[in-house]
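Structure record follows, encoded as structure tokens.
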Amino acid sequence: MWNNLPCDLLTNIFSFLSADSFACAKSTCRHWQACASSAAGNYPFLLQNHHPPWFVALPLHDHGALCSCYALNPSNNNWYVLSMDFLPAPVRYVGPLDSFILLRPTVSTFLQLGLCNPFTRQYKPFPKLNIKRTNPAVGVVPVRSVASPNNSLFCETNATLQNSCFSSRIYVAGGMSEASRGGATYEPTLEMYDPQLDMWWVVGSMPMEFAVRLTVWTPKESVYCDGVLYWMTSARAYSLMGYEIGSNTWKELSVPMADKLEFAVLVLRNGRLTLVGGGVCVSGACVWELGEGDIWVLVEKVPSEMGMKLMGDRGSWASTKCVGGDGAIYLYRDLWSGMVVWREVGDKSRSQWEWYWIEGCSSIRGKQVRNLQVKGVLIYPNLVPSFIF
């Protein structure tokens, strides 16, 4: 009976499977493999309807090559190791880009970006920037959310978006560039990568003070919310810089308890700009949301027992890292140490957020893995080889 199920029915069933279960289902028989292949084009989008994104841990120090990364399926808390030996050069993590990961090769002093799918082992380098830049800030913006700048050449239609290779644009701001008389200077301009044209455009400028801070004090992660692309400065006291894409203007925002935080990270939670930060002087870690009038509102605190478990013997929040998105916020330190997770549970109509402890990745299938300093990213696994590579 199972061999004779119609493809449309199997496709609907496959949409409820997690990525690892979907991969197993494809290998059951030829009929299921054929149906899975026909459904595969829509699978990344179906997956987002029924499953949370996976937590992927990328080693910070690759010792010459990023050989492996580690992926957590939050539905069953199973860890998997993914080989990254298909990458052409040593790389460092930049940020998530739809269901892909944005990387930068470390063999060049000047920034160059690349796109990778660790699940299908595909990699694509982006074209070179118009201006050679060292250490600029990088931001990612969903195209469907963008209000084009007043002086922009870029107008989207629904048909164009549907045919896009991916639905985000990449912005590069600030950095150091070559001065006209030799040496180096801060670069007060902004470039944007257009996926439709596969090229970079210089789309705006910024105050020189912002260019300096984006170059020197920004850890490079960005969050896009309500038409503004935000970066957190890492200099004490913390502050935010925002680029309003529609008006092509810049602004600065304060951070709550900025001079007392030992770590501070921006995330997007349920469409709201959210700040996660903590320190001994703050009595733990807190979650704030940006409300009306650019006022920060405290919405939650990490349970004290989980916070103490995460800190361990260090007694400090300084080494804490954080990544988040719609559905979950993860606080972690390294690959072995566990994670404190604030996760949305239940149906969207009556969901609530609850705290969980998830064990770190010290072994996979009985084999011990080396403890590493890692950078986490939340992405929906895409098992479909893409034509864009």
So, taking the atom named [atom1] in [X] and the one named [atom2] in [Y], what distance separates them when rounded to the nearest 0.5 Å?
| X | Y | atom1 | atom2 | value |
| --- | --- | --- | --- | --- |
| Y238 | D259 | OH | CG | 11.5 Å |
| L82 | C67 | CG | SG | 13.5 Å |
| D85 | R121 | CG | CZ | 4.5 Å |

Q: Please work out which of the three classes, parallel, tilted or perpendicular, describes the rings of W231 and W250, given edges at 30° and 60°.
A: parallel

Q.
Over 60° means perpendicular and under 30° means parallel, so tell me whether Y80 and W54 are parallel, tilted or perpendicular.
A. parallel

Q. Looking at side-chain heavy atoms only, is the closest gap between E191 and Y171 below 4.5 Å?
A. no

Q. Heavy-atom count around N130 CG within 6.0 Å, excluding the residue itself: above 12?
A. yes

Q. Are W342 and Y356 close enough that their ring centers fall under 6.0 Å?
A. no

Q. When the aromatic ring centroids of F126 and Y193 are compared, is their separation below 6.0 Å?
A. yes

Q: Report yes or no: do S205 and T189 form a side-chain donor-acceptor pair below 3.5 Å?
A: no

Q. Is it the case that S351 and E344 place a side-chain donor and acceptor less than 3.5 Å from each other?
A. yes

Would the distance check show the side chain of [X] and the main-chain N or O of [Y] forming a donor-acceptor pair, the cut-off being under 3.5 Å?
| X | Y | answer |
| --- | --- | --- |
| E178 | K132 | no |
| Y332 | G376 | yes |
| N78 | N73 | no |
| E262 | V280 | yes |
| T274 | R272 | yes |
| N77 | E359 | no |

Q: Tell me, please, whether W353 has R269 positioned over its six-membered ring: NZ or CZ under 6.0 Å from the ring centre and within 45 degrees of its axis?
A: yes

Q: With side-chain hydrogen bond (donor to acceptor under 3.5 Å, both in side chains) as the test, would you mind laying out the steps for S168 and D98 before giving the verdict?
A: CA-CA 7 Å; S168 296; D98 297 348; 2.8 Å; yes

Q: Please identify each residue that fulfils side-chain hydrogen bond (donor to acceptor under 3.5 Å, both in side chains) with N371, with sequence neighbours left out.
A: none

Q: Output all residues satisfying side chain to side chain contact (heavy atoms under 4.5 Å, CB included) with K260, sequence neighbours left out; order by chain, then residue number.
A: M257, C281, V282

Q | salt bridge (Lys or Arg N to Asp or Glu O under 4.0 Å) involving K375 - partner list, sequence neighbours excluded | A | E221

**Q.** Worked check of side-chain hydrogen bond (donor to acceptor under 3.5 Å, both in side chains) between R133 and T215
**A.** CA-CA 10 Å; R133 302 168 187 258; T215 304; over 6 Å; no

Q. Checking side-chain hydrogen bond (donor to acceptor under 3.5 Å, both in side chains) for the pair S83/S68: CA distance, chi angles, key distance, verdict?
A. CA-CA 4 Å; S83 174; S68 300; 5.2 Å; no

